[in-house]
Amino acid sequence: MKRILPLLFIWCVAASPCLGEADEIAETFKTNACVQCHQDLPGRLGQIVQLEWNQSVHYQAKVGCEGCHGGNALVQREQFDSDEAFKQGSHLQRHADFLVKRPDRQAFVRTVRGRSVSYLCGKCHASIKEKHLGSPHGNFGDPTCLYCHGQGSHRITKPSIDLIDTRSRSEQGRCSPCHRAATMTAVTEIKKILLQTQTNIENSQKSYQQLKKWGYHNLELEELNEHVDEVQSRLRRIFHSFNMREINNFASEIQDVADRTEVTFEMIDQLQSRRLNQAMIGVGVIAMIVAFVTLLLYYKKTFLKHDDDEPPHL
């Protein structure tokens, strides 16, 4: 029994992370006033939490309602005399873009539109905001960040090249409602460049990791291959500019480094192959020498000793 209890303790500690990241995230919002109140509300006010936000990348990153909307998520119901007082207390300090005054109601949440969406999202995504505001999308104020990344809802998806949806309008493509055939060609070309660049980054990283195992290091190549997340982040930022020259220039930079990585990989790989062949030849020669020496010893032991045992002739 004394042996079993420590083992059970170790198993519980080791198994605790396996309770799931979902449980850890849910625990984070267990006392969040916005989440705990809104998830029980009827209609749209509850759906935002239940069906959209908790399926989003913001939820996975532990960003609550207050991260975008403002307000005070730390207050608790027991601190107030009534539900209305609790509501007012939690709604204080909301983001100005969401406040609208009407004679018949106090401040309430409204839909944020146009370029104001970029400024709102830009509170966290500042570098992408600058690129977006300087792009045709940002100049027009449409489509907004929410349209591309959440289809207008709070269900913000993880950024990926797949968000560039080149399907036709009849197939409910995301870009085709605004883009006609001529501009859809440009959209398709941009997506093609990004996909190729993404492939170059991934392949280059694999080659460089093997080079490191062989003991090869190069500061110039490390800038791409040891900082993949940052390179991919920069690629996403540049994409939001929709500036073909800027996108092509960065893609070319990555292509150049990827090409140099591949050339270096092939050169070192050939060198490693030659070394391996030389080593195998060396092992073969040594094996032949050992076999020859063994044969001589066997010959000496078997035949020469037999001759020594014969009586001398008179």
Side-chain angles (χ1 to χ4, degrees), residues 44 47-48 51-53 55-58 60 68 95 97-98 100 109-203 229-256 258:
R44 176 66 180 155
Q47 291 175 357
I48 289 174
L51 304 179
E52 296 179 12
W53 168 77
Q55 303 295 318
S56 74
V57 68
H58 284 160
Q60 295 297 322
C68 298
H95 195 284
D97 274 348
F98 291 101
V100 178
V109 174
R110 69 177 174 87
T111 302
V112 181
R113 301 183 185 279
R115 287 169 64 88
S116 60
V117 177
S118 299
Y119 287 105
L120 179 67
C121 298
K123 291 193 300 176
C124 294
H125 306 283
S127 56
I128 289 180
K129 177 197 73 174
E130 297 302 323
K131 291 294 184 182
H132 174 71
L133 288 175
S135 74
H137 287 172
N139 286 333
F140 293 136
D142 196 40
T144 66
C145 312
L146 295 178
Y147 176 80
C148 293
H149 291 274
Q151 288 289 273
S153 77
H154 286 69
R155 189 170 182 169
I156 306 301
T157 57
K158 185 177 180 179
S160 73
I161 297 176
D162 292 336
L163 291 178
I164 308 174
D165 190 349
T166 55
R167 293 178 300 168
S168 65
R169 185 180 299 186
S170 62
E171 296 174 305
Q172 298 182 334
R174 193 173 304 190
C175 303
S176 53
C178 296
H179 289 273
R180 297 297 182 264
T183 52
M184 276 302 294
T185 301
V187 172
T188 303
E189 181 62 23
I190 289 175
K191 184 173 183 177
K192 181 180 177 182
I193 293 171
L194 295 179
L195 285 171
Q196 182 59 53
T197 303
Q198 182 71 38
T199 300
N200 288 339
I201 292 173
E202 293 173 357
N203 292 341
D229 291 341
E230 172 56 31
V231 173
Q232 291 175 334
S233 177
R234 186 182 170 194
L235 181 62
R236 289 195 294 269
R237 293 197 301 270
I238 290 176
F239 157 72
H240 282 82
S241 70
F242 283 90
N243 183 318
M244 285 297 296
R245 177 181 295 178
E246 191 173 5
I247 293 172
N248 275 319
N249 286 343
F250 187 59
S252 295
E253 290 178 23
I254 293 177
Q255 182 72 63
D256 288 343

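FYI, side chains are in, hydrogens and waters are out, and symmetry mates aren't considered; it's all heavy atoms of this structure.
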Novice: Quick check against the 3.5 Å criterion: does Ser118 have a side-chain atom that pairs as donor or acceptor with the backbone of Lys129?
Specialist: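 No; judged by distance alone, with no hydrogens or angles, the pair does not exist.
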Novice: Looking only at heavy atoms, which two atoms of Arg169 and Pro177 are closest? And how far apart?
Specialist: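 Nearest heavy atoms, Arg169 then Pro177: NH2-O, 3.2 Å.
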Novice: What's the spacing between Ile247 CD1 and Thr197 OG1 if we round to 0.5 Å?
Specialist: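 Nearest 0.5 Å value for the CD1-OG1 distance: 9.5 Å.
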Novice: Can you label the angle between the His125 ring and the His58 ring as parallel, tilted or perpendicular, going by 30° and 60°?
Specialist: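 Parallel, since the angle between the ring planes stays under 30°.
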Novice: Taking Gly141's backbone N and O only, do any of them form a donor-acceptor pair with Arg115's side chain (distance below 3.5 Å, no angle check)?
Specialist: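 Side chain of Arg115 to backbone of Gly141, a donor-acceptor pair under 3.5 Å: no, none is there.
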Novice: Is it true that the side chains of Glu253 and Asn249 contain a donor and an acceptor less than 3.5 Å apart?
Specialist: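 The criterion, which ignores hydrogens and geometry beyond distance, is not satisfied for Asn249 and Glu253.
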Novice: Apply the test side-chain contact (heavy atoms from CB on, under 4.5 Å) to residues Phe250 and Val231: give CA-CA distance (whole Å), side-chain angles for both, the deciding distance (0.1 Å), then the verdict.
Specialist: CA-CA 10 Å; Phe250 187 59; Val231 173; 4.1 Å; yes
Novice: Side chains of Tyr147 and Arg174: closer than 4.5 Å at any heavy-atom pair?
Specialist: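 Sidechains of Arg174 and Tyr147: in contact.
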Novice: Looking only at heavy atoms, what is the nearest atom pair of Cys68 and Lys123, with distance?
Specialist: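 So the minimum-distance heavy-atom pair works out to O-NZ, 3.4 Å.
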Novice: Got a second to check how far Ile190's CD1 is from Leu195's CG, nearest 0.5 Å?
Specialist: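 Answer for the CD1-CG pair, Ile190 versus Leu195, is 12.0 Å.
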Novice: Of all the heavy-atom pairs spanning Gln255 and Asn200, show the shortest one and how long it is.
Specialist: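 Minimum heavy-atom separation between Gln255 and Asn200: OE1-ND2, 2.8 Å.
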Novice: For the side-chain contact (heavy atoms from CB on, under 4.5 Å) test, which of Leu163, Ile164, Ile128, Ile161 pairs with Phe239?
Specialist: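 Going through the options one by one, the only one that passes is Ile164.
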Novice: Donor-acceptor pair, distance only, cut-off 3.5 Å: does the side chain of Ser233 make one with the backbone of Asp229?
Specialist: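 The answer is no, because no donor-acceptor pair under 3.5 Å joins these two groups.
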Novice: What closest approach, in Å, do Thr183 and His179 show between heavy atoms, and which atom pair accounts for it?
Specialist: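 Of all heavy-atom pairs spanning Thr183 and His179, the closest is OG1-ND1, 3.2 Å.
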Novice: CG/Asn248 to CE/Met244 distance, rounded to the nearest 0.5 angstrom?
Specialist: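 That separation rounds to 4.5 Å.
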Novice: Would you give the length of the straight line joining atom CD of Gln198 to atom CD1 of Ile193, rounded to the nearest 0.5 angstrom?
Specialist: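 Going from the CD atom of Gln198 to the CD1 atom of Ile193 covers 14.0 Å.
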Novice: Between Pro143 and Cys148, what is the shortest heavy-atom contact and its length?
Specialist: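 Closest pair (atom of Pro143, atom of Cys148, distance): CG-SG, 4.1 Å.
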Novice: Is it the case that over 12 heavy atoms from other parts of the model lie below 6.0 angstrom from the NZ atom of Lys158?
Specialist: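 Incorrect, the count does not exceed 12.
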Novice: Can you tell me if Ser56 uses its side chain to pair, donor with acceptor, with the backbone of Ile156 under 3.5 Å?
Specialist: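 Not confirmed, Ser56 side chain does not pair with Ile156 backbone.
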Novice: Taking everything shown except Arg245 itself, do over 12 heavy atoms lie less than 6.0 Å from its CZ?
Specialist: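 Counting other residues, nucleotides and ligands, CZ of Arg245 stays at 12 neighbours or fewer.
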Novice: Let me confirm one number: the OG1-CE distance from Thr166 to Met184, rounded to the nearest 0.5 Å.
Specialist: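 Output value for this atom pair is 5.5 Å.
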Novice: Hey, what do you get for NE2 (His154) to CD (Glu52), rounding to the nearest 0.5 Å?
Specialist: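 So the NE2 of His154 and the CD of Glu52 are separated by 7.0 Å.
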Novice: Are the charged groups of Glu246 and Arg237 less than 4.0 angstrom apart, N to O?
Specialist: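 Salt bridge absent between Glu246 and Arg237.
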Novice: Run the numbers on Val117 and Cys145 for side-chain contact (heavy atoms from CB on, under 4.5 Å), then give the verdict.
Specialist: CA-CA 7 Å; Val117 177; Cys145 312; 4.1 Å; yes
Novice: Spell out, as yes or no, whether a donor-acceptor pair under 3.5 Å connects the side chain of Thr157 to the backbone of Gly150.
Specialist: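 No, the answer is negative, given that no donor and acceptor are paired below the 3.5 Å cut-off.
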